[in-house]
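Structure, as structure tokens:
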Amino acid sequence: MALDCGVFSFRSVASHPLSSVKFSQPTVKASAFSSPLAPPIVKLNVRGKAFPGDGRPETKESPLVVCFGEMLIDFVPTVNGLSLAEAPAFKKAPGGAPANVAVGISRLGGSSAFIGKVGEDEFGYMLADILKENNVNHEGMRFDPGARTALAFVTLRSDGEREFMFYRNPSADMLLQEDELDLDLIRKAKIFHYGSISLITEPCKSAHIAAAKAAKDAGVVLSYDPNLRLPLWPSEDSAREGILSIWETADIIKVSEEEISFLTKGEDPYDDAVVRKLFHENLKLLLVTEGAEGCRYYTKEFSGRVKGLKVDAVDTTGAGDAFVAGILSQLAENPSLLQKEEELRDSLKFANVCGALTVTERGAIPALPTKEAVLDAMLKPVS
């Protein structure tokens, strides 16, 4: 293999077979992967190092959104429509859903922070630099000397199926410990955002629960995007149980159509009655993303649909995270959107455009738009 100018090229094929993971609706094929890049980790109780310096970006007055979870390297094929095995080369791109959201919010002019763990390796320090370059507060980032930064190979096949291959054995993000949390940073947040991947294994699961509790106790709004990745869970049942185990603590939840089908065991994700089954008593906003078609929104008082922006998609990686960044950046500044439907609809139009612009470039973080780009796209006439 050779790594050149951000492109990961295969010059030879490894002798051991690797199977791939394909996401389709309603059937999901899942396989687990061990990383050939690092020896097995036997000592899990390793306290990670903090980022050198104070980790603080330039001061912003905007309300803070803290994003918790994984940050990793996505490898995206340079040619569309091929399986991972057929792809001739890969471009490396920083990713990981919570980190994508943090960078997305900052690009949109908001204030964000990331809490998570990476390896004390070249990729880990590269990711820390990405946060710094994008003005994301990284005080809560930790480095593990005994585990590697996670890798994910992602592609969109010609038949429309997304295909993933993960390298975690375990990866550093899985090893974040409760005593490594920056609780003061969490308590300062207006919104605390997270996914479900950090719930899969210990010690990160306990760290996740402790972080969310600290946020809830401090009156912080909790935002949840399950971001279902079945290959990382032991089974479908454990994934469903794990995702739903924290469902009722969230104030805002964003799900995809596929995730609704999964969580309801195959029910119709386009049926409002089915979606309403996922609406719990304390939920303030439930969002359902539908790709290029836009999104649906549900509150206790009202519900509706907001159309998306049609674009020529190059890579759909990170589109949902860009959407989340778009709506959270708006809600952090104006929480009253939850009670004002027309204002909420305007903010969801903004979020839809954030997602649409992201699919026009390869990789997640590299493609996240600025506020100026989003507003410009919203002003252009629809043909």
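Proximity of a side-chain donor or acceptor of H280 to a complementary backbone N or O of L278 within less than 3.5 Å is not detected. With hydrogens and angles disregarded, no donor-acceptor distance shorter than 3.5 Å links the side chain of S198 to the backbone of Y194. Although no hydrogens or angles enter the test, the distance criterion places no donor-acceptor pair under 3.5 Å between the side chain of R296 and the main chain of V288. Counting only distance, with no hydrogens or angles, the side chain of W247 and the backbone of G242 share no donor-acceptor pair below 3.5 Å. Panel note: side chain R107, backbone I365; a donor-acceptor pair is recorded below 3.5 Å. A donor-acceptor pair under 3.5 Å is absent between the side-chain atoms of R187 and the main chain of A215, judged by distance alone. Judged by distance alone, with hydrogens and angles left aside, the side-chain atoms of T149 form a donor-acceptor pair with the main-chain N or O of G119 at under 3.5 Å. At distances below 3.5 Å, not a single donor-acceptor pair connects side-chain atoms of E257 with backbone N or O atoms of S261. For the pair Y224 (side chain) and I243 (backbone), a donor-acceptor distance under 3.5 Å is present. Under a 3.5 Å cut-off, the side chain of E259 and the backbone N or O of L228 do form a donor-acceptor pair.
Contact check for D144 versus K117: side-chain heavy atoms found under the 4.5 Å cut-off. Residues E333 and S62 have side chains in contact (heavy-atom distance under 4.5 Å, counting atoms from C-beta outward). Between P226 and V255 there is a side-chain heavy-atom pair separated by less than 4.5 Å. Looking only at side-chain heavy atoms (C-beta outward), L64 and L185 come within less than 4.5 Å of each other. You'll find the side chain of K216 stays beyond 4.5 Å of the side chain of F192, heavy atoms only. Counting heavy atoms from C-beta on, the side chains of D182 and D184 come closer than 4.5 Å. Considering only heavy atoms from C-beta on, T317 comes within 4.5 Å of D74 through its side chain. With contacts defined as side-chain heavy-atom distances shorter than 4.5 Å, the pair Q330/F350 qualifies.
If you chain together hydrophobic residues whose side chains sit under 4.5 Å apart, F323 and V314 never meet in one group. Hydrophobic clustering of Ile, Leu, Val, Met, Phe, Trp and Tyr side chains at less than 4.5 Å, counting indirect connections, keeps V76 apart from I73.
For the atom pair L287 CG and Y298 OH, the distance stands at 10.0 Å (nearest 0.5 Å). With values rounded to the nearest 0.5 angstrom, I105 atom CD1 is found 6.5 Å from S329 atom OG. Atom-to-atom distance recorded for L222:CG and I246:CD1 is 9.0 Å, nearest 0.5 angstrom. The OG1 atom of T299 lies 7.5 Å from the CG atom of L344; values are rounded to the nearest 0.5 Å. Note that the CG atom of L328 and the CD1 atom of I252 stand 6.0 Å from one another [nearest 0.5 Å]. Considering CG of L368 and CG of L108, their distance stands at 8.0 Å, rounded to 0.5 Å.
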Q: May I have the step-by-step check of side chain to side chain donor-acceptor pair (under 3.5 Å) for N134 and S106, ending in yes or no?
A: CA-CA 7 Å; N134 284 279; S106 184; over 6 Å; no

Q. Would D315 and R362 satisfy salt bridge (Lys or Arg N to Asp or Glu O under 4.0 Å), going step by step from the backbone distance to the final call?
A. CA-CA 5 Å; D315 175 20; R362 297 185 192 279; over 6 Å; no

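Shown here are the side-chain hydrogen bond (donor to acceptor under 3.5 Å, both in side chains) partners of E178, two or more places apart in sequence or in another chain: there are none. E343 meets the side-chain hydrogen bond (donor to acceptor under 3.5 Å, both in side chains) test with N334; sequence neighbours excluded. Applying the side-chain contact (heavy atoms from CB on, under 4.5 Å) criterion to E86, with sequence neighbours excluded, gives L82, S83. Listed by chain and residue number, R168 satisfy the salt bridge (Lys or Arg N to Asp or Glu O under 4.0 Å) test with D173 (two or more places apart in sequence, or in another chain).
The 12-atom threshold is not exceeded at NZ of K205, counting heavy atoms of other residues, nucleotides or ligands nearer than 6.0 Å. The neighbour count for Q339 CD, taken as heavy atoms of other residues, nucleotides or ligands under 6.0 Å away, is above 12.
Residues F164 and F153 place their aromatic rings such that the two centres sit no closer than 6.0 Å. Remark: aromatic rings of H208 and F68 are close, center separation under 6.0 Å.
A367 and G363 get closest at one heavy-atom pair: CB-O, 3.3 Å. Nearest approach of L181 to A207, heavy atoms of both residues: CD1-O, 3.4 Å. The heavy-atom pair separating L331 from L337 by the smallest distance is CD2-CB, 3.7 Å. Across all their heavy atoms, A102 and V136 have their closest contact at O-CG2, 3.7 Å.
Sequence neighbours left out, the pairs with a member in residues 275-288 that pass salt bridge (Lys or Arg N to Asp or Glu O under 4.0 Å) are D251-K284, E267-K277. For the salt bridge (Lys or Arg N to Asp or Glu O under 4.0 Å) condition, the pairs that include at least one residue of residues 297-310, sequence neighbours left out, are E290-R305, E293-K310.
Ion pair D237/R240 flagged as a salt bridge, since at least one NZ, NE, NH1 or NH2 atom sits closer than 4.0 Å to an Asp/Glu carboxylate oxygen.
Both tests do not hold together for R345 against Y297: distance to the six-membered ring centre under 6.0 Å, angle to the ring axis within 45°.
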